[in-house]
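Read the structure below first, then the notes.
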Number of protein chains: 2
Amino acid sequence: MATISDVAHRAGVSTATVSRALNGKSTVDPELAARVQSAAAELGYRPNGPARNLRKQATAVLALIISDVENPFFTAVARGVEDVAHAAGYSLVLCNSDDEPAKEREYIDVALQERVAGILLTPTGDADSAELLARYALPVVAVDRPLPDSTGDAVLVDSRRAAEQAVLHLAEQGYRRIGCLTGPRGVLTADDRLAGYRDGLRAAGLGGSDELVRRSEFRATGAEAAARSLLAEAAPDALLVANNAMAVGVLAALAELGRRPGRDVGVVAFDDAPWTTLIDPPLTVVAQPAYDMGALAARLLLDRIAGARGEVSTSTLSAHLVPRGSSTRG
Amino acid sequence: MATISDVAHRAGVSTATVSRALNGKSTVDPELAARVQSAAAELGYRPNGPARNLRKQATAVLALIISDVENPFFTAVARGVEDVAHAAGYSLVLCNSDDEPAKEREYIDVALQERVAGILLTPTGDADSAELLARYALPVVAVDRPLPDSTGDAVLVDSRRAAEQAVLHLAEQGYRRIGCLTGPRGVLTADDRLAGYRDGLRAAGLGGSDELVRRSEFRATGAEAAARSLLAEAAPDALLVANNAMAVGVLAALAELGRRPGRDVGVVAFDDAPWTTLIDPPLTVVAQPAYDMGALAARLLLDRIAGARGEVSTSTLSAHLVPRGSSTRG
DNA sequence: TTGAAAGCGCTAACAG
DNA sequence: CTGTTAGCGCTTTCAA
C-alpha cells in the first residue's frame, strides 16, 4: 500500500508537505496542495493508522466492554455509544465480558495495550479492574453500574426508585403478595432492584419477608426455574422481574402453569422491548433509557478525553413505568 | 506509561532481550527472562500496540460492519464473530452501516486506515465498497448477503429455499391466498425471500400475482403499514414475513384489526427470537443459524488472514422451519 | 511556505 | 544467547 513518501515523490514535494496538505495544517500553497491531493488519489493513498497513532501518541478508538451484545438493553446502549463516537470520528472496539471479572480484566488489558483513548464499560464490580483503570489514568465512564470506589464518571439509572414505584403500582392495583425475581447477589443492578422492591413493600405497608424473593442469573432459563419455585412455594399474587431476559422465562413459566398475567398474577418487568405489547395481556414494564445512556456516556467520555476538568460525575437517569395489561386485575 | 527501554534499563539488558523474553521468542537465558518479567511487572509495562503494529505491519483487529446492532439477528452474528475472534487473540471493531452504502464505504475506509487484518460485513450491495475491498486485497468475508461480483468468501443462508418451504407449509395447512411482506428492492435477502415465496406458490399450484406482495424497510413501523395495506386491498389468508422486526409490526397490525394469527390469518416470519413462543398463538418462524454464521465467517476470515489458499468459497447454511400455532388453522 | 531530520516504541536482522 | 542497529510511516520541530 502506498506510503506518504510515495505520494511525496509523485507530487514532487516533501513528506512534510504531504502531511500538512492532507491534514489541512498551516498554510500550504494551493497549487502544491492540489498536486498532493491528486497524487494521493491516484495512488489510493490511505494514511497508515498505526504509524500516525504511534507518532501522535493517541488513537481515535474507544473500547466498549459490555456484559453481552445479545441483551437488547446493552445493545441499545452500544448503539447510543456508537452513534456519538462515530460522529466524533472515533471507532469502537466491542468486547463481551459476560459479567466475568477475568474477561473484563483481559479486555481492559487489551484496551490498555492498544492505547485506546478511553473506555466505556458496564463494570462487573471487580476491584482489580477498577484498580487497573485507575493506575493508568485511562479515561473511563461506567454505564448501568458504577465502578467500585466510584473511580470515574458513571451514567446510571435509578433502578431502586423505579423498582419501588413498580411495587407501589402493583399494590395500588390490589396485589398483596408481591414477589421479586432478581439477578445474582453482588451485581449492583440486581441488588438495587431488590432494595427498591423492599422499599416499595414497606411504603405500601405490605411488610414482606424474603420467602417472596428469588435470585437467578439475568437469563431466561434461570428465571423460569426461579419463577416456578417461587410460585409453588410462596404463592405470590404478583411478580417484579428484574430484567427483560428474565421476563421471557417468567412468562413462559406462567403460561405453562396456566396462570394468566394480570388476572392471576400481576407482572412488571424491567426493560421495554418491541414484543412486550404483542403478548396478551401486554406487559407492564419499567422502561430504561438505554440508548440515551450510551450516548450520554460517550459524550462524557469524549469530554474527558478532550481534557475536561475535575470532579467525577454521576448522572442518574430515570426509568419510567409503562403500565399495561399484565399488572391490571380484570 | 513505561516503554520497552524502561524495562530494559531496569532489568539491565537490551530492549531486544526484553522483546524476546516477553514474546517467548528464541531462547533467552532463564535468569534474564525472569529479571525481565519482574521488571515489566514492577513497571506495569504494557507493550505499545500501535508501535508493535507499525513494526510488524499487521494488527490483530477485525472489523465487523453490520446493518444494525439492535437487530437480534445481527447481534447473534456479532456474538459468534466475537467469540471466535477473541479466542484467536483478535479484537473486534464494531460498525453500524444502517444499510447505507455511504456509511459502509466510510467504515471500510476506516478499516483500511487502521490496517485491520480483515473485514466481516453484511454488504449493502454497493459496488464501490466491493471495489475498494478488492483494490486493497483486504481479506473479507461477507455474511448474510454476498458481495457484488462475489469477491471474497461468503456465509449465507438459503433464504430462497426456506421461503419456499414456508409457503409450502402454509399451503399444506390450507391457506390459499398467501401474501408476502418483504424488504426493500435491491437488498438481496429481501429479493431472495420474495423469489422463494414465488417458488413456493408455483410449487403449490397457487399461481399468484403481485397484488399479494408488499415491500417495506426491514423495520416494524414500515411493515405495519405495509401489512395494513395488503390486508385491506388484497385480502390474503396468510402472510410470509421476511424478518423479525417486520413481524413485530405485522402482528401489531393484525391485533389492531382483531384478526387472530393462525385462525384468521396464517403467519410465518423469518428469524426466531425468545419472545416468539410467548405470544398466543406462538409464532411459526424460519430459524436462521445466526450465531453459527458469525462464528463460521470469523473462522474463514482468520484462515484467509493466515494465508489460506485460493478459491473464494460460499458456504450456504440452511434455515429450518419451526412450525407453531400461527400457521395452523384451528 | 517548504524541506530536512528526528523520533514515537517496537521487532528483526545481523554480529558478536 | 545477547546487544547493536535499522527501520516501520507518520508528524512536527527547526532552519532556510
Side-chain angles (χ1 to χ4, degrees), chain A residues 1-37 39-40 43-61 89 109-117 136 138, chain B residues 1-37 39-40 43-61 89 109-117 136 138:
Chain A
M1 195 174 301
T3 72
I4 197 171
S5 59
D6 295 331
V7 178
H9 259 105
R10 184 170 249 260
V13 298
S14 73
T15 61
T17 300
V18 174
S19 174
R20 285 190 280 249
L22 260 26
N23 292 303
K25 287 291 181 128
S26 78
T27 40
V28 177
D29 183 277
E31 199 226 323
L32 284 194
R35 283 215 322 258
V36 169
Q37 293 292 357
L43 293 169
Y45 171 69
R46 293 285 185 290
N48 183 311
R52 160 181 285 178
N53 294 338
L54 173 58
R55 171 63 227 230
K56 301 182 77 164
Q57 297 284 66
T59 61
V61 177
D109 232 90
V110 170
L112 247 16
Q113 296 207 178
E114 293 307 321
R115 303 298 195 260
V116 300
Y136 291 93
L138 186 59
Chain B
M1 195 173 302
T3 72
I4 197 171
S5 59
D6 296 331
V7 178
H9 258 106
R10 185 170 247 261
V13 298
S14 73
T15 61
T17 299
V18 174
S19 175
R20 285 190 280 249
L22 261 24
N23 292 303
K25 286 293 182 117
S26 79
T27 38
V28 177
D29 182 279
E31 200 226 324
L32 284 194
R35 284 218 317 261
V36 169
Q37 292 292 357
L43 293 169
Y45 171 69
R46 295 284 185 287
N48 182 311
R52 160 182 285 177
N53 294 337
L54 172 58
R55 173 63 229 230
K56 301 182 78 165
Q57 298 284 64
T59 62
V61 177
D109 231 273
V110 170
L112 246 16
Q113 296 207 179
E114 293 307 321
R115 303 298 196 261
V116 300
Y136 292 93
L138 186 58

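Please read these numbers as outputs of a predicted model, since none were measured by experiment. Quick note on labels: first sequence line is chain A, next is B, and so on, each numbered from 1.
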Under 3.5 Å between N/O atoms: give me all the protein pairs with nucleotides 9-11 of chain D, atom names plus distance.
unit_1: D:dG9; atom_1: OP1; unit_2: B:Q57; atom_2: NE2; d: 3.1
unit_1: D:dG9; atom_1: N2; unit_2: A:A51; atom_2: O; d: 3.4
unit_1: D:dC10; atom_1: OP1; unit_2: A:Y45; atom_2: OH; d: 2.4
unit_1: D:dC10; atom_1: OP1; unit_2: A:N48; atom_2: N; d: 3.0
unit_1: D:dC10; atom_1: OP2; unit_2: A:I4; atom_2: N; d: 2.3
unit_1: D:dT11; atom_1: OP1; unit_2: A:N23; atom_2: ND2; d: 3.3
unit_1: D:dT11; atom_1: OP1; unit_2: A:R52; atom_2: NE; d: 2.9
unit_1: D:dT11; atom_1: OP1; unit_2: A:R52; atom_2: NH2; d: 2.8
unit_1: D:dT11; atom_1: OP2; unit_2: A:S19; atom_2: OG; d: 2.9
unit_1: D:dT11; atom_1: O2; unit_2: A:R55; atom_2: NH1; d: 2.1

- Output yes when a side-chain donor or acceptor of A:D29 lies under 3.5 Å from a complementary backbone atom of A:E31, and no otherwise. yes
- First locate atom CZ of B:R52, then atom CD of A:E114, and finally report the distance between them rounded to the nearest 0.5 Å. 9.0 Å
- Item | Reported CZ-to-CG distance for the pair A:R115 and A:L138, which is rounded to 0.5 angstrom | 10.0 Å
- the helix from C:dT1-D:dA16 to C:dG16-D:dC1: angle between its terminal axes, five pairs each, to 10°? 40°
- Message: So, taking the atom named CD1 in A:I4 and the one named CG in A:L22, what distance separates them when rounded to the nearest 0.5 Å?
- Response: 7.0 Å
- Query: In Å and rounded to the nearest 0.5 Å, what is the CZ to OG1 distance from B:R20 to B:T27?
  - Reply: 9.0 Å
- Query: 5' to 3' on DNA chain C, which nucleotides open and close the contacts with chain B (atom under 4.0 Å from a heavy atom)?
  - Reply: C:dG9 to C:dA13
- Task: For B:V13 and for A:T17, locate the closest nucleotide of DNA chain D by heavy-atom distance; then report the residue assigned to the nucleotide nearer the 5' terminus.
- Result: B:V13
- Note on the structure: So NE2 of A:H9 and CG of A:D6: to nearest 0.5 Å the spacing works out to 8.5 Å
- Task: Kindly compute the distance separating CD (B:Q57) from CG (B:L54), expressed to the nearest 0.5 Å.
- Result: 6.0 Å
- Message: Using whole Å, what does the distance between atom C1' of nucleotide D:dT12 and atom CG of A:L22 come to?
- Response: 16 Å
- Task: Report the C-alpha distance between B:T3 and B:N48 in whole Å, list the side-chain angles of each, state the deciding distance to 0.1 Å, and finish with yes or no for side-chain contact (heavy atoms from CB on, under 4.5 Å).
- Result: CA-CA 8 Å; B:T3 72; B:N48 182 311; over 6 Å; no
- On a heavy-atom basis, the closest approach of B:Y136 and A:Y45 is OH-N, 4.3 Å
- Task: Return the minimal non-hydrogen interatomic distance between B:N53 and A:P50, and the atom names on each side.
- Result: CB-CB, 4.0 Å
